[in-house]
Q: 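One structure, as structure tokens, below. Some questions next.
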Protein chains: 2
Amino acid sequence: MFNSSILLKEYNLKVTPQRVAIVDELYKNGHMNIDELYQNLLKKFPSISLATIYKNVNAMVEKIFLNEVKIPESKSVYELVKEEHSHLVCKSCGKIEDINIDTSILNSSILSISNFKVEDTKVVFSGVCSNCQ
Amino acid sequence: MFNSSILLKEYNLKVTPQRVAIVDELYKNGHMNIDELYQNLLKKFPSISLATIYKNVNAMVEKIFLNEVKIPESKSVYELVKEEHSHLVCKSCGKIEDINIDTSILNSSILSISNFKVEDTKVVFSGVCSNCQ
DNA sequence: CTGGATGCAAAATATTTGCAGGGGC
DNA sequence: GCCCCTGCAAATATTTTGCATCCAG
């Protein structure tokens with residue numbers, strides 16, 4: 001079972017209702033941008049401030065507990081950190097899906113060209129999802 | 001030989017000294033963010049406006065003649081459009097390099113999982129460049 | 001000559017910060 | 001009770017827009 005309070009504690013963040021709601025929203029929706037988070041939290045906390053969203057999201061990103069995903073031609077979205085994975089972005093409906101593929105096969109191609117030491121690999125595929133086809 | 005005026009004409013953009021300079025800077029430096037472009041152009045055009053940079057970069061991106069590259073934990077950079085390629089970002093010195101690797105080998109992995117139709121693939125590797133190692 | 005480009009200023013957006021009060025632990 | 005968190009307001013940063021003038025074609 002997913003428990004956002006425990007998660008927050010593990011990362012040394014005080015458990016507040018606003019933080020729990022942020023984590024729960026992200027758990028439920030997978031990926032959200034700042035404004036989607038704000039709009040959704042407004043329903044539960046009519047007086048929540050955008051500054052609170054920013055402060056918390058930034059704090060969680062710093063604790064490496066949220067991950068920012070930069071989307072081509074669109075706003076960044078945030079997700080809970082899980083195993084490394086890639087993203088599929090549908091150009092038609094905008095939906096973002098996670099996909100687990102092995103990107104390390106690319107590393108050998110890099111080594112054959114450059115002496116660069118790869119630490120992280122971010123892959124975003126844009127195209128058309130099955131629903132929209 | 002590289003000729004920025006011809007390039008601009010091909011994309012139906014009037015050839016102005018500011019535009020030529022933007023294209024020349026990007027050709028020379030490979031990747032630049034908005035502020036680097038502005039600072040460099042100020043040397044040639046002390047009264048150039050940031051608005052001019054934005055208007056032109058946006059126009060060139062729309063004509064698909066510049067490409068915006070979103071860099072993890074950093075600002076977007078722009079580059080002249082060339083064959084599809086990936087990017088290496090050095091976490092130490094910040095340098096960004098192009099690298100030509102075949103990313104289509106990933107597509108078969110996607111097909112085996114999802115029915116998503118891939119149209120574009122953006123890959124950014126972060127790590128340590130050979131100089132910084 | 002004409003329409004689009006430039007530079008400036010202002011507006012619109014996006015993000016961060018300071019601070020007083022409130023609440024988690 | 002202490003200190004961090006919240007919400008508000010203000011400050012900053014980023015990007016866009018309107019407009020008068022200028023210049024490429």
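Reminder, nothing fancy here: chain letters follow the sequence lines and each chain counts from 1.
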Q: Taking atom types as they are modelled, would you say the side chain of B:Lys55 forms a donor-acceptor pair with the base of C:dG7 within the 3.5 Å cutoff?
A: yes
Q: Please tell me if B:Gln18 has a side-chain N or O lying less than 4.0 Å from either OP1 or OP2 of D:dC23.
A: no
Q: Between the main-chain N or O of A:Val128 and the side-chain N or O of A:Gln133, is there a donor-acceptor pair closer than 3.5 Å?
A: yes
Q: Tabulated below should be each protein N or O lying under 3.5 Å from an N or O of nucleotides 10-13 of chain C; please produce it.
A:
none

Q: Does A:Asn56 place a side-chain N or O at less than 4.0 Å from the phosphate oxygens OP1/OP2 of D:dT6?
A: yes
Q: A:Lys14 has a side chain; which of C:dT16, C:dC25, C:dG7 sits nearest to it?
A: C:dC25
Q: Just how far, in rounded Å, is C1' of D:dC8 from OH of A:Tyr38?
A: 11 Å
Q: What is the ring orientation for A:Phe65 with A:Tyr11, classed by angle as parallel under 30°, tilted 30 to 60°, or perpendicular over 60°?
A: parallel
Q: Expressed as a whole number of angstroms, how long is the span from A:Lys70:NZ to C:dA14:P?
A: 15 Å
Q: Please report the C-alpha distance between B:Phe45 and B:Thr52 in whole Å, then the side-chain angles of each, then the deciding distance to 0.1 Å, and finally whether the side-chain contact (heavy atoms from CB on, under 4.5 Å) criterion is met.
A: CA-CA 11 Å; B:Phe45 307 96; B:Thr52 298; over 6 Å; no
Q: By nearest nucleotide on DNA chain C, pick out whichever of A:Leu13 and B:Ile48 is the more 5' one.
A: B:Ile48
Q: Under 4.0 Å between a side-chain nitrogen and a carboxylate oxygen: does that hold for B:Lys82 and B:Asp98?
A: yes
Q: For A:Lys44 and D:dG7, give me the distance from atom NZ to atom P, rounded to whole Å.
A: 14 Å
Q: How long is the line joining CD1 of B:Ile53 and P of C:dT6, in whole Å?
A: 9 Å
Q: Quick check: does any side chain N or O of A:Lys70 sit under 3.5 Å from a backbone N or O of B:Ser76, one acting as donor and the other as acceptor?
A: no
Q: So B:Thr52, base contact, sugar-phosphate only, or nothing? Heavy-atom distance under 4.0 Å.
A: base
Q: Nearest to the side chain of A:Ala51, which nucleotide is it out of C:dT16, C:dG4, C:dG24?
A: C:dT16
Q: Could A:Asp35 and A:Lys75 be called an ion pair, given the rule that one side-chain N must be under 4.0 Å from one carboxylate O?
A: no
Q: Is there a donor-acceptor pair under 3.5 Å between the side chain of A:Glu36 and the backbone N or O of A:Asn33?
A: yes
Q: Are B:Ser47 and C:dT6 close enough that a side-chain N or O sits under 4.0 Å from OP1 or OP2?
A: no
Q: Tell me whether A:Arg19 contacts the main-chain N or O of A:Asn56 through its side chain, where contact means a donor paired with an acceptor under 3.5 Å.
A: no
Q: Name the nucleic acid region contacted by A:Ile34, choosing base, sugar-phosphate or nothing; use a 4.0 angstrom heavy-atom cut-off, strictly under.
A: nothing
Q: Side-chain N or O of B:Asn58 less than 4.0 angstrom from OP1 or OP2 on D:dT16?
A: yes
Q: Roughly, in whole Å, what's the span from CD in B:Gln39 to P in D:dT14?
A: 12 Å
Q: How many Å lie between OH on A:Tyr54 and P on C:dT16, as a whole number?
A: 7 Å
Q: Nearest of D:dT16, C:dA5, D:dT6 to any side-chain atom of A:Arg19?
A: D:dT6
Q: To the nearest Å, give me how far apart CG (B:Leu50) and P (C:dA9) are.
A: 14 Å
Q: Kindly point out which of C:dG24, C:dA14, D:dT6 is positioned nearest to the side chain of A:Lys75?
A: C:dA14
Q: Between atom CD in B:Glu62 and atom P in C:dA5, what is the gap in whole Å?
A: 12 Å
